[in-house]
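The structure under discussion appears below in the form of structure tokens.
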Amino acid sequence: MYYTLQNARQKDRHGLMRVLGTLALCEKDRAFEDPFLNSLICFLVLNLIDEFSTEDFCTVVFDEFFLTGLAKRML
């Protein structure tokens, strides 16, 4: 989780894309707890806002991370 935040802080788009998909499957849904999620969203909005114009980045962030977490919470 710290590696993910470090990638987002350093604007490492490729590192972030590599780890977000697997992070959504972490033990006890720790990636969707408030402190981590708030920090991640803050870094995404402040540092990587331009990356949301690319389809592959949006696919990883929304489909592989947020949608996976949402699907787990719905069950």
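Computed from a predicted model, the values in this text were never measured in an experiment. Starting from 1, each residue takes its place in the sequence as its number.
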With heavy-atom distances below 4.5 Å as the criterion, would you say the side chains of Phe65 and Val60 are in contact? no

Report yes or no: do Val19 and Leu37 belong to one cluster of Ile/Leu/Val/Met/Phe/Trp/Tyr joined by side chain heavy-atom distances under 4.5 Å? no

Assess whether side chain to side chain contact (heavy atoms under 4.5 Å, CB included) is satisfied between Phe43 and Asn7, documenting all intermediate values. CA-CA 9 Å; Phe43 286 132; Asn7 283 333; over 6 Å; no

Salt bridge (charged side-chain N to carboxylate O under 4.0 Å, His left out) between Arg13 and Asp50, worked out: CA-CA 10 Å; Arg13 173 183 181 263; Asp50 296 334; over 6 Å; no

With distance as the sole test, does Asp12 use its side chain to make a donor-acceptor pair with the main-chain N or O of Gly15 at under 3.5 Å? yes

Would you say the side chain of Leu16 lies within less than 4.5 Å of the side chain of Leu44, judging by non-hydrogen atoms? yes

Nearest 0.5 Å please: distance from the CD atom of Gln6 over to the CE atom of Met1. 14.5 Å

Asn47 side chain to Lys11 main-chain N or O, any donor-acceptor pair under 3.5 Å? no

Examine Ile41 and Phe32 and state if one hydrophobic cluster contains both, with Ile, Leu, Val, Met, Phe, Trp and Tyr joined whenever side-chain heavy atoms are less than 4.5 Å apart. yes

Check Leu40 against Ala8 and note the closest heavy-atom contact, atom names and distance. CD1-CB, 4.4 Å

Please examine the side chains of Leu23 and Arg18, heavy atoms only from C-beta on, and report whether any two atoms are closer than 4.5 Å. no

Chi angles and distances behind the side chain to side chain contact (heavy atoms under 4.5 Å, CB included) call for Val61, Leu48: CA-CA 11 Å; Val61 171; Leu48 295 162; over 6 Å; no

Distance from Cys42 atom SG to Leu5 atom CG, nearest 0.5 Å? 10.0 Å

Are the aromatic rings of Phe62 and Phe57 close, with centres under 6.0 Å apart? no

I want to know whether Tyr2 and Phe36 have ring centres closer than 6.0 Å. no

Can you name the closest pair of heavy atoms from Glu64 and Gly21 and give their distance? OE1-CA, 3.8 Å

